[in-house]
2 protein chains.
Amino acid sequence: MHSKVTLADVAAAAGVSKMTASRAMRGAKDVSPKTVERVRKIAADLGYMGNYVAASLANNRTDLIGVVVPSLSNIVFSEVMSGIEDAIAGSGLQPFFGVTGYDPEREYQLVRKMLSWRPAGLIVTGLDQDNQTRELLSATSAPVVQIMDTDGDPVDLCVGFSQTAAGAGMAEMLLTEGRRRFGYVGCALDRDTRAAKRYLGYKAALQSAGITRVPEAVRNARSSVADGKALTADLLTQHPDLDVIYYSNDDLAIGGLFHCMEIGISVPERLILAGFNGLDLTASLPAPIATTRTSRRNIGIEAAKSILKRHASAGSSAPPALKTVEIQHVMDARQSITSI
Amino acid sequence: MHSKVTLADVAAAAGVSKMTASRAMRGAKDVSPKTVERVRKIAADLGYMGNYVAASLANNRTDLIGVVVPSLSNIVFSEVMSGIEDAIAGSGLQPFFGVTGYDPEREYQLVRKMLSWRPAGLIVTGLDQDNQTRELLSATSAPVVQIMDTDGDPVDLCVGFSQTAAGAGMAEMLLTEGRRRFGYVGCALDRDTRAAKRYLGYKAALQSAGITRVPEAVRNARSSVADGKALTADLLTQHPDLDVIYYSNDDLAIGGLFHCMEIGISVPERLILAGFNGLDLTASLPAPIATTRTSRRNIGIEAAKSILKRHASAGSSAPPALKTVEIQHVMDARQSITSI
DNA sequence: GTGCCCAACGGTACCGGTAACGGAAGCAAC
DNA sequence: GTTGCTTCCGTTACCGGTACCGTTGGGCAC
């Protein structure tokens with residue numbers, strides 16, 4: 001019945017007080033090495049396991065960092081999470097994740113629940129939370145980092161890059177390549193506000209160049225290679241004269257590439273395909289596609305670091321760690337483009 | 001200072017006792033609707049936010065389900081996590097994830113940390129934890145589900161499929177296709193014990209068919225499309241006569257396919273490529289590859305369900321929810337093969 | 001021996017909730 | 001009026017740790 005062993009049991013067995021046992025287990029000061037050893041030995045024998053819940057309540061803080069992402073089927077967020085993991089490894093902090101499925105209501109519930117755990121920090125995706133969620137985020141005393149996007153008004157900290165600049169940058173690169181007949185393929189733009197922002201930036205840049213007509217094929221489903229194939233087929237049937245298509249992400253673009261290979265359109269000579277994210281896979285494809293390499297691991301790392309930093313400064317001095325709107329750009333969207 | 005509002009404050013403001021306020025907030029019985037409404041109104045006005053830490057300590061349980069996966073860069077685990085999310089949505093439980101990076105020591109620390117949170121359940125990947133981890137898992141009173149693999153000796157619950165059977169099944173299918181010169185490409189077999197098991201099953205089935213020579217190209221790095229390309233090139237240089245290559249997963253096989261397309265080997269006519277997982281992408285490739293469709297979302301769903309079920313039964317009756325070794329096969333590895 | 005200091009340990013009061021039980025008020029049946 | 005049952009709410013005692021402050025005792029200077 002190891003699960004019922006409490007610190008008091010250990011203390012009793014070691015013939016010391018709970019307090020001493022507590023100090024011994026935590027490696028705190030004011031305990032003799034001999035006592036530490038004895039207590040730890042007995043704890044191990046008894047199968048004692050610390051109780052974080054009680055400890056957290058006692059000192060009014062947890063070691064948890066809440067991470068809110070919209071989706072797990074998108075490899076991009078897995079990589080962000082991976083970066084977070086790596087950055088806080090060894091700091092004693094522990095990330096815990098939640099998924100919204102791009103649903104604002106679910107996001108609200110999730111943030112609420114996470115805050116109820118009194119986390120050491122919160123990392124949320126995007127800048128476009130709805131009002132009630134935003135209110136929660138600004139009311140909490142824990143540091144909050146909004147990631148992936150810098151086009152907007154952060155609650156506290158912010159790590160990411162400009163999505164509109166990414167879209168615009170790609171458009172500019174494609175114009176430089178001499179293309180003029182632009183198309184667009186996207187998925188779930190109603191929920192994925194970042195993809196929508198890229199599209200806006202793309203269209204705006206084209207407009208500046210005098211290009212106003214941008215045929216699009218859009219679907220409200222989660223994006224996949226298969227969707228990319230189908231939507232590209234649709235778009236090219238309607239507009240066979242396109243010489244470039246911008247996709248809301250790499251998966252769709254890869255589907256587009258496979259479609260072109262099937263029906264014999266030469267990529268990139270006749271048609272340039274441009275995706276977004278710079279997945280590893282894009283470097284190995286049978287034909288080159290353009291893409292924007294997002295430094296998503298870095299975003300995770302920097303986001304975690306900024307929480308750690310906030311904690312370090314809060315621990316040392318008095319200032320109550322006010323919310324300070326700070327935007328950190330981890331990449332220049334225009335310089336990260338892999339052209340073809 | 002919303003973060004300092006406590007239930008006692010709410011109770012005082014509402015002119016009731018802490019206990020009544022608690023009941024009102026939780027929607028428990030024995031409170032008049034009028035009181036509930038008043039308390040909740042005041043709680044909202046004061047910006048009161050429940051404290052899960054305190055609540056969990058008080059009733060000695062949390063709503064957390066710990067999930068331990070080896071990697072996040074592998075889309076497979078993201079899909080498992082996604083399945084878990086969906087299955088427990090609405091149950092009030094909350095998953096929290098941890099990543100081991102295929103490191104047994106890190107896995108041990110992670111499991112320990114998670115158990116310190118007294119979770120409502122634990123889901124860990126694989127059956128091959130090291131001894132100290134296994135000890136933790138069998139000592140805890142929380143339900144433990146081991147997933148992805150059924151070739152071994154589960155601690156408690158188990159949801160997955162036989163990895164060796166998957167490897168063997170693929171070999172048998174390829175034999176039926178009339179192939180005789182088998183190769184193998186794999187990554188990180190020392191750490192990814194499931195991939196290693198598939199390889200064993202594959203070789204054993206070939207051996208039964210009288211095929212003992214299976215040239216391999218193996219690398220100890222995380223697998224990627226680029227690795228698949230490189231390793232395939234290596235293997236085919238050494239053994240140009242192969243007529244089938246089995247890969248430890250789809251990513252590598254896709255890399256292999258791209259290599260073949262580049263150097264003009266016809267797939268699948270001259271060379272069959274076989275991967276593993278049945279990623280969506282494999283259905284959209286320019287040339288067909290064989291694969292085994294793993295039902296990873298289902299594994300997540302069933303794992304979560306079995307924890308929920310255990311909880312339901314524990315809540316109703318007296319039996320202290322003993323560890324009962326139960327293996328649930330969510331798929332038949334031999335029937336899930338997509339041949340070419 | 002006295003005074004002083006510091007290392008090592010213990011007592012107490014929490015942290016913010018909740019379970020269990022008790023008790024007052026209101027109403028029906030006898 | 002008494003009994004008995006609800007309905008609604010309060011009191012008490014924790015849950016398992018930790019912060020804070022106090023206490024003890026042994027070593028050292030004088």
Side-chain angles (χ1 to χ4, degrees), chain A residues 1-40 42-43 46-63 92 113 115-120 141 315, chain B residues 1-40 42-43 46-63 92 113 115-120 141 315:
Chain A
M1 285 305 93
H2 127 310
S3 58
K4 313 221 81 176
V5 179
T6 167
L7 186 62
D9 301 332
V10 175
V16 295
S17 72
K18 258 174 65 178
M19 203 50 239
T20 302
S22 168
R23 284 190 273 246
M25 292 307 291
R26 281 176 300 151
K29 304 193 61 159
D30 288 346
V31 204
S32 73
K34 226 173 46 190
T35 310
V36 169
E37 197 186 356
R38 183 159 42 96
V39 170
R40 292 206 170 162
I42 288 182
L46 262 51
Y48 169 72
M49 167 161 304
N51 187 330
Y52 272 38
V53 181
S56 301
L57 179 61
N59 54 23
N60 253 328
R61 63 197 193 85
T62 66
D63 299 333
K113 201 157 193 172
L115 287 177
S116 300
W117 280 105
R118 305 294 136 102
S141 57
Chain B
M1 286 300 96
H2 126 310
S3 58
K4 312 221 80 173
V5 179
T6 169
L7 187 62
D9 301 332
V10 175
V16 295
S17 72
K18 255 173 65 177
M19 199 56 234
T20 301
S22 168
R23 283 191 274 246
M25 291 309 290
R26 282 177 299 151
K29 302 192 60 156
D30 289 347
V31 204
S32 74
K34 224 172 48 191
T35 310
V36 170
E37 196 187 358
R38 182 161 42 97
V39 170
R40 293 206 169 160
I42 289 181
L46 262 52
Y48 169 72
M49 169 160 305
N51 186 329
Y52 270 41
V53 182
S56 300
L57 178 62
N59 54 24
N60 252 326
R61 62 197 194 86
T62 65
D63 297 334
K113 202 157 192 174
L115 287 177
S116 298
W117 281 104
R118 305 295 136 101
S141 58

Candidates C:dG16, C:dT18, D:dC9 - which lies nearest the side chain of B:V31
D:dC9
Nucleotide nearest B:A55 when distance is taken to its side chain, options C:dG10, C:dT18, D:dG17
C:dT18
Of the listed nucleotides (D:dT18, D:dT11, C:dG17), which one gets closest to any side-chain atom of A:N59?
D:dT18
Select one nucleotide: of D:dC8, C:dG11, D:dG16, the one nearest the side-chain heavy atoms of A:M19.
C:dG11
Base of D:dG17, side chain of A:K18 - is there a donor-acceptor contact under 3.5 Å?
yes
For C:dG17 and B:Y48 - does any side-chain N or O of the residue sit under 4.0 Å from the phosphate oxygens OP1/OP2?
yes
Between A:R38 and B:R23, which is nearer to the 5' end of DNA chain C once each is assigned its nearest nucleotide?
A:R38
Correct closest heavy-atom pair for B:I42 and B:A14 would be CD1-CA, 3.5 Å
Quick one: is A:S56 getting a side-chain N or O under 4.0 Å of the C:dC15 phosphate, OP1 or OP2?
no
B:S32 side chain: which of D:dC15, D:dC8, D:dT18 is closest?
D:dC8
Check the phosphate of D:dC15 against A:N51, side-chain N and O only, distance under 4.0 Å to OP1 or OP2. Yes or no?
no
On the nucleotide D:dG17, are OP1 or OP2 found under 4.0 Å from the side-chain N or O atoms that A:S22 carries?
no
Non-hydrogen side-chain atoms of B:T62 and B:Y52 separated by less than 4.5 Å:
no
Which nucleotide in C:dG17, D:dT11, D:dC8 has an atom nearest any side-chain atom of B:T6
C:dG17
Can you tell which of C:dG17, D:dC8, C:dG16 lies closest to the side chain of B:P33?
D:dC8
